[in-house]
Amino acid sequence: MNESKAICCFLPSRSTEKMEMAELHAHLNGSLSSRTLHALRQLQNSSDSEASGDSWKKCEAIINHGNERTLDECFQLFSVVHSLTSTPTAVSKATDDVIEEFEEDGVIYLELRSTPRCIDGVMTKEQYVEAIVKSIRKANISRNILTKLIVSVDRQRGLTEAEENVLLAVDMHSKYPDIVVGIDLSGHPCKGNIEDFLPLLENARSSGLKLSLHCAEVPNVDEVEKILKFEPHRIGHGTCIHPNFGGSEKLWNMLSKSGLAVEVCLTSNLKTKTIEGYEKSHLGPLLEQNIPVILSTDDKGVFATTLSEECRIAAETFSLTRMWMCEAMLQSVSYTFTTEDEKNKLVHSIHKFMNSSGCS
Ligand code: 6MZ
């Protein structure tokens, strides 16, 4: 991976085939395309629904997306999208479409994450998760993309909700071990106290769930230290760990020695203004330090991006070759929450692609 400064030749050398990619950081409700939002709106099709009137206008703002937003504005938008995924049928439709779109982009392995939600009288949290699992199971049989589910805990919603979600995740993991594989701690990075959540996450880990925790999306030296000491399997964003990005030497050394992989979401960071530009992003120091990076979309709907676009941006900004990118995907596979057998199949598929496109 040290050839990061090699001459940029990201375009396919012999083939126009799409690169085979692994997406490990995608929030379901942030990934809905305008096509899906419109379809969900039609599905809801009721004048007194939550998504009517003002809410739908805000939703159209997402549909006409591409805009920059602060993190606060971004989190307001999530609650608008949530009003459209408030029945098991809508959740299934959302999951079906997101998997299909990632597959169309060239993703062969997808870890979707989502926060269980209950809607009084309409949907329990179990039904929410079951709806996603059902769609994933169907897609894993019929499509050329393997999908897993990571259950999210929203740090903004307090400890009781977090406990419920972790218990549910443990239960779903024992029921569907081939699909429900991990826990994510996400939500507004300025809300909630990380220490409250760590014992719960430890319980999840001891039940066999893997952990990916959002970390350092905004500067917070104390919190980042606690997360790094906790040693999750992966961290999301990792934007503000380097001393030049609101972190510290100590944190940077901890990360460098940890072997942890960082799920990097460049467009999300740019649009929420947590980085000042692609070229000024934390991806530069991460590459220089040879810290494993996993290029990801975060919320492809809200931020109007795709994984291939994130790869293109990283390649152009940091002069990464197509070979580098394929090796980065192989490295991403090594950090997936899959079985060894599934990892071997993904590696085999990427190697085959590399051979056929003159990348080996
Ligand atoms: C932290 C984020 C996020 O779970 O309803 N989420 N949390 N930082 C981010 N960076 C922009 N993007 C999304 O998907 C939407 C939820 O994912 C989390 C938030 O909790 C958001 O409500 P689900 O499928």
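Every number for a ligand or one of its atoms is a count from 1 in the order of the listing. None of the values given here were measured: they were computed from a predicted structure. Below, each value reflects all heavy atoms present in this structure, side chains not excepted, and no hydrogens, waters or symmetry copies.
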*asked:* If you apply the rule side chain to side chain contact (heavy atoms under 4.5 Å, CB included), what do you find for E103 with N144, and how did you get there?
replied: CA-CA 7 Å; E103 185 189 21; N144 292 321; 3.5 Å; yes

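T36 pairs with exactly one of T85, D97, D96, T95 by the side chain to side chain donor-acceptor pair (under 3.5 Å) rule, that one being D97.
With sequence neighbours excluded, the residues that form a ring-ring contact (aromatic ring centres under 6.0 Å, His included) with H188 are F75. Every salt bridge (Lys or Arg N to Asp or Glu O under 4.0 Å) that K343 has, sequence neighbours left out, goes to E340.
Chaining together hydrophobic side chains whose heavy atoms lie under 4.5 Å apart places V181 alongside I150, F337.
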List below, pair by pair, the N or O atoms of ligand 1 and of the protein that are less than 3.5 Å apart, including the distance to 0.1 Å; reply 'none' if no pair qualifies.
{"unit_1": "ligand 1", "atom_1": "4 (O)", "unit_2": "T115", "atom_2": "N", "d": "2.9"}
{"unit_1": "ligand 1", "atom_1": "4 (O)", "unit_2": "T115", "atom_2": "OG1", "d": "2.6"}
{"unit_1": "ligand 1", "atom_1": "5 (O)", "unit_2": "N29", "atom_2": "ND2", "d": "2.9"}
{"unit_1": "ligand 1", "atom_1": "5 (O)", "unit_2": "H82", "atom_2": "NE2", "d": "2.6"}
{"unit_1": "ligand 1", "atom_1": "7 (N)", "unit_2": "G187", "atom_2": "N", "d": "3.0"}
{"unit_1": "ligand 1", "atom_1": "8 (N)", "unit_2": "E217", "atom_2": "OE1", "d": "2.8"}
{"unit_1": "ligand 1", "atom_1": "8 (N)", "unit_2": "E217", "atom_2": "OE2", "d": "3.2"}
{"unit_1": "ligand 1", "atom_1": "10 (N)", "unit_2": "E217", "atom_2": "OE2", "d": "2.7"}
{"unit_1": "ligand 1", "atom_1": "10 (N)", "unit_2": "D298", "atom_2": "OD2", "d": "3.2"}
{"unit_1": "ligand 1", "atom_1": "12 (N)", "unit_2": "D299", "atom_2": "OD2", "d": "2.7"}
{"unit_1": "ligand 1", "atom_1": "17 (O)", "unit_2": "H27", "atom_2": "ND1", "d": "3.0"}
{"unit_1": "ligand 1", "atom_1": "24 (O)", "unit_2": "N29", "atom_2": "N", "d": "2.9"}
{"unit_1": "ligand 1", "atom_1": "24 (O)", "unit_2": "N29", "atom_2": "ND2", "d": "3.0"}
{"unit_1": "ligand 1", "atom_1": "24 (O)", "unit_2": "S114", "atom_2": "OG", "d": "2.7"}

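Between H25 and H237, the angle of the ring planes goes over 60°, which puts this pair in the perpendicular group of the 30/60° scheme.
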